[in-house]
Amino acid sequence: MLPFPSISPRSLAAGLLVLALSFASALPAAADLPGELRARLSAPQDEIWLGPIASDDREVLDTFYTGRRDAAVWFDPQGITEKARQLSQVLLSAGEHGLEPDYYHAGRIAELIENPGEESRAELELRLSLSLIRFASDLDSGRLDPRLVDPEHYSYPQNVDRAAVLPDSLAASDIWVYLRAFQPQQNEYVRLKGALSHYRSLAEGGGWAPIPEGETLKPGMTDPRVAALRGRLLLLGDLDEAAAQSVVEAGSGAIAAPAEGEAAAAAAPGESYEGVLVAALKRFQHRHGLTEDGAVGPKTLAALNVSAEQRVEQIQLNMERRRWMADDRGGRYIFVNLANFDAKIVDGLDTVFHTKVVVGDPYHRTPVFSDTMTYLEINPTWNVPESIARKELLPKIRENPGYLAERNYTLLASWDQNAPTVDPHYIDWSQISASSFPFRIRQEAGAGNALGRIKFMFPNEFNIYLHDTPSQSHFARSERAFSHGCIRVAKPLELAEALLKGQEGWDLERVRQQIESGETRTVSLDEPIQVHISYITAWVNKDGAVHFRNDVYGRDELLASALLGDRS
């Protein structure tokens, strides 16, 4: 073994000094913030201190700082700027929008501002810049791409110019005001923010225990669960304090002393279900899209027992949906809420028409999209979609070829425009299968037509439209998902009147006359109108009432998994 060379302490010290100086020259000096920023922006992904970062955002940061010669935004000669502290507070409050503060590094940023150090300045600078870009974009257009969450959601939010966010923020004296301009400029969104805060406070206060199951509680009955029901309705705002107290006092005074030798049979104080308590439950049922019968049956009990935490989540999901929507839906537009089974015409800030609708059943879900209604058709014919003809009508025709004539259907040889008619009695239906079905089936205009007497057209790739229907019974249901995808309207004549208002020659009487003529007639709208088909399961009305609806299509569950992750 060769001996180690002999090194004097002086030589060793000199060598270490040279090594240290050469290492230091390879890194920016501690006080050189621009150099630190450039080093970090040029570093591999796992060394940039920012966690996962999209290549587009990294490019935005790189371009922005290159244009500034890597000068910092969030520091000045005195240290961390006031604007940086403002932004930190904004990010910490991201939960007000149903967004997760940690996605914007809010906790780490607050920690770095609270305990600043020379070695962490570049990290703080870049975290603030990246989070500003992300937060502004998410507020404006949503945290997620709707098409990646739900393939039946055809919204196309207008994306923020992410490259402009940082430069534009430099001119903003108040970062709170600057970012507020990115949130949806919709009254509905602002009201949802208030509801989120309220339900979070209920959840943080312990929420509520489930009301026990039992027989349907109807007005006039007595039940030990009435006390829990009264407390729930009071907590949710459907019953006010004074009314609640009157219920208790009335219940206490209703107990008569038993006669000598008789057992006490009267209800305990507060167990009678009647009066203002029934009225309060009907308000609750109205807010939840339930039949307003004042009875606590299985569906009403299930709604009462949804936890405060679940309601918080439901509001968060619908705030994301609102961020996907355009602020400008048109000065006058039709708004269909599939989850609420209703449609309305909105003119400015006012709802000028409202109707119940029937929407696609869970196997034929109506998609979410927007388009423009341009005409309506009076006494329409109906070309039965191939899927319905093959799966639903073919078995009935095999059994009885006269089925078609009985329901005013015409059989055509093909889907060619000029295809001749065919007599179904001359077809050997035993040789026709669903896969080999060549015919087109058309239902002629008339009272029994599946489209009723009017259809409202906004041509789209999904072949979805609004229409009348001869089947009126479904409109009496609280949940109305029964169609093959199109939207059946409970008040078609009134809708036609509202759409044609002011259009010369087309008042309600003229529409009625055209219907009675039996002749098919297309009426173009002088003013086409935007149609927005949405899926909203939580909203707040102008009167402050918070409404919730069931997730009939399972779209809340899809969005919750994508936006909130594993909640187990």
Heavy-atom pair of closest approach, residues [X] and [Y]:
X	Y	answer
Val160	Ser137	CG2-CA, 3.9 Å
Pro101	Leu99	CD-O, 3.3 Å
Ala308	Gly207	CB-CA, 4.2 Å
Pro380	Gly452	CD-O, 3.7 Å
His288	Arg311	CD2-NH2, 3.3 Å
Gly360	Thr366	N-OG1, 3.0 Å

Flag side-chain contact, heavy atom, 4.5 Å: [X] against [Y]:
X	Y	answer
Leu236	Val546	no
Ser370	Tyr156	no
Phe135	Leu87	no
Trp506	Val511	yes
Arg555	Leu338	yes
Val540	Val190	no
Glu557	Asp551	yes
Ile109	Leu124	yes

Hey, are [X] and [Y] close enough for a salt bridge, meaning a charged N less than 4.0 Å from a carboxylate O?
X	Y	value
Arg68	Glu125	no
Glu204	Arg200	no
Arg162	Asp140	no

Do side-chain atoms of [X] reach the backbone of [Y] as a donor and acceptor pair under 3.5 angstrom?
X	Y	value
Arg191	Trp539	no
Thr66	Thr63	no
Arg480	His474	no
Asp371	Phe458	no
Asn318	Gln314	yes
Thr351	Val346	no
Glu320	Arg143	yes
Gln185	Gln183	yes
Asn337	Ile536	yes
Ser483	Cys486	yes

What's the separation between atom [atom1] in [X] and atom [atom2] in [Y], rounded to the nearest 0.5 Å?
X	Y	atom1	atom2	value
Glu377	Ile454	CD	CD1	11.0 Å
Arg321	Leu563	CZ	CG	10.0 Å
Asp32	Arg121	CG	CZ	8.5 Å
Ser201	Leu196	OG	CG	10.0 Å
Ile175	Ser88	CD1	OG	12.0 Å
Asn340	Lys356	CG	NZ	11.0 Å

Is it the case that the side chains of [Y] and [X] hold a donor-acceptor pair, with the cut-off being a distance below 3.5 Å and no angle test?
X	Y	result
Gln310	Ser307	yes
Gln285	Thr300	yes
Asp150	Tyr553	no

- Over 12 non-hydrogen atoms of neighbours within 6.0 angstrom of CG in Leu349: no

- Message: With a 6.0 Å cut-off (strictly less than), is the heavy-atom count around CD of Glu527, excluding the residue itself, greater than 12?
- Response: no

- Item | Step-by-step side chain to side chain contact (heavy atoms under 4.5 Å, CB included) determination, Val358 to Phe475 | CA-CA 7 Å; Val358 169; Phe475 292 114; 3.7 Å; yes

Parallel under 30°, tilted from 30 to 60°, perpendicular over 60°: which one fits the rings of [X] and [Y]?
X	Y	answer
His532	Tyr333	perpendicular
His153	Trp324	perpendicular
Tyr199	Trp208	perpendicular

- Task: For Tyr154, enumerate each residue passing the ring-ring contact (aromatic ring centres under 6.0 Å, His included) test, keeping only those at least two apart in sequence or located in another chain.
- Result: Phe462

- Glu386 vs Trp415, side chain to side chain contact (heavy atoms under 4.5 Å, CB included): CA-CA, chis, key distance, verdict: CA-CA 10 Å; Glu386 288 184 84; Trp415 281 83; 3.6 Å; yes

- Item | Residues Leu495, Leu376; criterion side chain to side chain contact (heavy atoms under 4.5 Å, CB included); working and verdict | CA-CA 11 Å; Leu495 175 57; Leu376 53 86; over 6 Å; no

- Message: Could you go through His467 and Arg488, starting from their C-alpha distance and side-chain angles, then the distance that decides it, and tell me whether this counts as side chain to side chain contact (heavy atoms under 4.5 Å, CB included)?
- Response: CA-CA 5 Å; His467 65 86; Arg488 304 174 191 167; 3.5 Å; yes

- Task: Test the Lys491-Phe353 pair against the cation-pi criterion, namely NZ or CZ under 6.0 angstrom from the six-membered ring centroid and within 45° of the ring axis.
- Result: yes

- Does the ring of Tyr103 carry Arg134 above it, NZ/CZ under 6.0 angstrom from centre and within 45° of its axis? yes

- Query: Applying the side-chain contact (heavy atoms from CB on, under 4.5 Å) test to Phe64, which of Val165, Leu166, Leu41 qualifies?
  - Reply: Leu166

